[in-house]
Amino acid sequence: MGSEKKIILVTGGSGLVGQAIKQAKQQDPRENETFIFLSSKDGDLKDPAAAQRVFEKYNPTHVIHLAAMVGGLFHNMQHNLDFLRNNILINDNVLHNSYKLGVKKVVSCLSTCVFPDQTTYPIDETMIHDGPPHSSNFGYSYAKRLIDVQNHAYHQQHGCHFTSVIPTNVFGAFDNYNLEDGHVIPGLIHKAYIAKKEGKPLVVYGSGKPLRQFIYSIDLAKLFLFVLREYEEIDPIILSVDESSEVSIAEVAQMIADAFQLEHGIVLDSTKADGQYKKTASNNKLRCYLPDFQFTPLKEAIERTVQWFNLNYHIARK
């Protein structure tokens with residue numbers, strides 16, 4: 001990317017991944033990079049006029065696009081139209097303002113939910129548009145898929161360098177620890193915190209058998225910086241730990257229980273649904289670029305996250 005001055009605008013900069021990028025860029029600073037982290041207070045990116053004002057104010061050369069309307073499974077099921085419309089508006093405003101201002105590169109964040117519900121495993125970058133996504137959150141999934149479509153369209157028509165990444169399950173400091181809406185690791189961390197306080201076991205919904213790949217937010221942030229600085233493709237790239245690092249929900253719950261030193265163990269409530277058994281993603285493409293990248297061991301990453309939650313309980317999103 002040379003040594004020219006870069007102004008890197010990070011939308012959704014106050015969330016889990018934005019906060020991790022703040023930390024990662026401090027660990028690997030570049031003199032020619034200035035980062036600007038936006039939050040929703042800086043302007044409503046659903047509103048074309050507000051989005052244009054933000055972009056004209058900072059005049060970025062590069063954009064990391066993290067902002068999205070997100071929610072848990074139940075919220076998605078009830079509001080698929082809202083998730084579709086609001087995310088299409090956000091994404092269109094970010095990409096179109098980037099095009100109008102001549103932004104050199106945009107890296108947008110997709111999600112593994114963009115992949116077809118009925119598919120073969122492991123999933124890879126070529127399979128995004130092979131069939132409909134899961135019906136529970138089709139609004140959010142199609143809006144995210146459209147970023148990939150728009151990236152290729154802007155490239156074809158205007159030569160724009162817009163690309164995207166697809167992370168697997170991210171967790172870490174500044175996550176959403178809401179017991180209803182949070183994802184599995186932050187949800188279990190919050191439940192374990194309460195269980196520790198009350199001297200009770202940690203209750204885990206489901207059989208504990210489903211398998212997942214988890215990526216620590218700091219590792220993901222380092223990979224985001226690699227994509228921003230080095231990755232030249234328009235096609236997306238999956239950012240994930242290796243397939244061999246896939247773990248069961250029961251194993252993850254045990255690591256969380258150990259990190260809290262819970263004295264009453266874990267109870268699996270198999271009357272509750274398990275969800276998809278596996279969503280294995282291939283990181284072969286990432287490994288072609290970064291064969292030696294070292295991911296933080298899951299146990300260590302969970303211990304660090306639990307430590308952060310204990311220290312920041314009063315400010316954590318919950």
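Source: prediction; values computed, not measured.
- In the model, E56 has a side-chain atom that pairs as donor or acceptor with a side-chain atom of Q52 under 3.5 Å.
- Judged purely by atom type and a 3.5 angstrom limit, T61 uses its side chain to pair as donor or acceptor with the backbone of I7.
- Panel note: side chain E33, backbone K5; no donor-acceptor pair is recorded below 3.5 Å.
- Residues L262 and I302 share a single hydrophobic cluster, defined by chaining ILVMFWY side chains whose heavy atoms lie under 4.5 Å apart.
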From CA spacing to verdict: side chain to side chain donor-acceptor pair (under 3.5 Å), Y177, K191: CA-CA 9 Å; Y177 293 88; K191 284 173 83 172; over 6 Å; no
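- In this structure the side chain of L228 reaches within 4.5 angstrom of the side chain of I8, judged on heavy atoms.
- Taking CD1 from I147 and CG from L110, the interatomic distance works out to 5.5 Å, rounded to the nearest 0.5 Å.
- Contact check for D130 versus F115: no side-chain heavy atoms found under the 4.5 Å cut-off.
- With S245 contributing its side chain and V241 its backbone, the two residues share no donor-acceptor pair below 3.5 Å.
- A donor atom on one side chain and an acceptor atom on the other are not found under 3.5 Å apart for N169 and Q213.
- The environment of NZ in K57 is sparse: at most 12 heavy-atom neighbours from other residues, nucleotides or ligands sit within 6.0 Å.
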For this session: Would you please test L38 and Y58 for side-chain contact (heavy atoms from CB on, under 4.5 Å) and show each step?
Result: CA-CA 10 Å; L38 294 180; Y58 294 111; 3.7 Å; yes
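- Rounding to the nearest 0.5 Å gives a distance of 7.0 Å between CG of L45 and CG of N93.
- Using a 4.0 Å cut-off between a side-chain N of Lys or Arg and a carboxylate O of Asp or Glu, R145 and D148 do not qualify as a salt bridge.
- By the 6.0 Å contact criterion, CD on Q27 is enclosed, its count of non-hydrogen atoms from other residues, nucleotides or ligands being greater than 12.
- Not one N or O on the side chain of S217 forms a donor-acceptor pair closer than 3.5 Å with the backbone of A20.
- F293 CZ: more than 12 foreign heavy atoms inside a 6.0 Å radius.
- Using modelled atom types, one side-chain atom of T11 and one backbone atom of A67 make a donor-acceptor pair closer than 3.5 Å.
- Atom CG in L9 sits 8.5 Å away from atom CG in D42 (nearest 0.5 Å).
- In this structure the side chain of K6 reaches within 4.5 angstrom of the side chain of H62, judged on heavy atoms.
- A 4.5 Å side-chain heavy-atom check between V149 and H129 finds at least one atom pair inside the cut-off.
- By the 4.5 Å heavy-atom criterion applied to side chains, I64 and I21 are counted as neighbours.
- Aromatic pair F224/F226: ring centres not closer than 6.0 Å.
- Relative orientation of the F309 and Y193 rings is perpendicular, given thresholds of 30° and 60° on the angle between their planes.
- Hydrophobic clustering (side-chain heavy atoms under 4.5 Å, transitive across Ile, Leu, Val, Met, Phe, Trp, Tyr) keeps V70 apart from I166.
- Ring pair F174/W308 is tilted by interplanar angle, where 30° to 60° counts as tilted.
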Worked verdict on V63 versus V107 for side-chain contact (heavy atoms from CB on, under 4.5 Å):
CA-CA 6 Å; V63 173; V107 181; over 6 Å; no
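- Taking 4.0 Å as the cut-off between side-chain N and carboxylate O, R287 and D242 count as a salt-bridged pair.
- Looking at D269, its side chain never comes within 3.5 Å of a backbone N or O of V204 through a donor-acceptor pair.
- The backbone N or O of V103 lies less than 3.5 Å from no partner atom in the side chain of S98, so there is not a single donor-acceptor pair.
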Could you go step by step and tell me if Q150 and D92 meet the side chain to side chain donor-acceptor pair (under 3.5 Å) rule? CA-CA 8 Å; Q150 283 183 284; D92 190 56; 3.1 Å; yes
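- Heavy-atom minimum distance, S240 versus A281: OG-O, 4.5 Å.
- Judged by distance alone, the side chain of N151 and the main-chain N or O of T163 form a donor-acceptor pair under 3.5 Å.
- K318 forms a cation-pi arrangement with Y313, by the criterion of a distance under 6.0 Å to the ring centre and an angle within 45° of the ring axis.
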### Query
Step by step, would you call N176 with L16 a side-chain contact (heavy atoms from CB on, under 4.5 Å)?
CA-CA 8 Å; N176 175 12; L16 168 68; over 6 Å; no
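- Residues Y216 and K222 have side chains that never bring a donor and an acceptor to within less than 3.5 angstrom of each other.
- Residues M127 and P116 approach most closely at O-CD, 3.2 Å, considering heavy atoms.
- When side chains are defined from C-beta on, N59 counts as touching L101, because their heavy atoms get closer than 4.5 Å.
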Is there a side-chain contact (heavy atoms from CB on, under 4.5 Å) between F214 and L298? Walk through the geometry before answering. CA-CA 8 Å; F214 294 99; L298 183 59; 4.0 Å; yes
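- The shortest heavy-atom contact between C113 and P133 is O-CB, 3.7 Å.
- In terms of hydrophobic clustering, with Ile, Leu, Val, Met, Phe, Trp and Tyr side chains grouped at heavy-atom distances under 4.5 Å, L286 and V170 are assigned to a common cluster.
- Taken from CZ in R304 to NZ in K299, the straight-line distance is 12.5 Å, to the nearest 0.5 Å.
- Of all heavy-atom pairs between E246 and T280, the closest is OE2-OG1, 2.7 Å.
- D219 places no side-chain N or O within 3.5 Å of a backbone atom of F295 that could act as its donor or acceptor partner.
- Cluster membership for L66 and F35, using ILVMFWY side-chain heavy atoms within less than 4.5 angstrom, is shared.
- Between V94 and N91 there is no side-chain heavy-atom pair separated by less than 4.5 Å.
- Around atom NZ of K196, more than 12 heavy atoms belonging to other residues, nucleotides or ligands sit under 6.0 Å away.
- A donor and an acceptor atom, one from each side chain of H190 and N178, are nowhere located under 3.5 Å apart.
- Of the inter-residue distances, the one linking H96 atom NE2 with C160 atom SG reads 10.0 Å to the nearest 0.5 angstrom.
- Looking at D175, its side chain never comes within 3.5 Å of a backbone N or O of F171 through a donor-acceptor pair.
- L223 has its side chain within reach of I215: a pair of non-hydrogen atoms, C-beta onward, lies under 4.5 Å apart.
- Donor-acceptor pairing under 3.5 Å is recorded for the side chains of Y289 and E233.
- Side chains of Y154 and H161: a donor-acceptor N/O pair is absent below 3.5 angstrom, by distance only.
- By the neighbour-count criterion of 12 heavy atoms within 6.0 Å, atom NZ of K285 is densely surrounded, having more than that number from other residues, nucleotides or ligands.
- Ring planes of Y142 and F138: perpendicular class, angle over 60° (limits at 30 and 60°).
- Within 6.0 Å of CD on Q26 lie more than 12 heavy atoms contributed by other residues, nucleotides or ligands.
- For the residue pair N87 and A143, the shortest heavy atom distance occurs at CB-CB, 3.6 Å.
- Of all the heavy atoms in I123 and K279, the pair that sits closest is CD1-O, 3.7 Å.
- Both V247 and L268 belong to a common hydrophobic cluster when Ile, Leu, Val, Met, Phe, Trp and Tyr are linked at side-chain heavy-atom distances under 4.5 angstrom.
- Both the sub-6.0 Å distance and the 45° axial angle are satisfied by K22 relative to the ring of F37.
- Counting heavy atoms of neighbouring residues, nucleotides and ligands inside a 6.0 Å radius, atom CZ of R85 does not exceed 12 of them.
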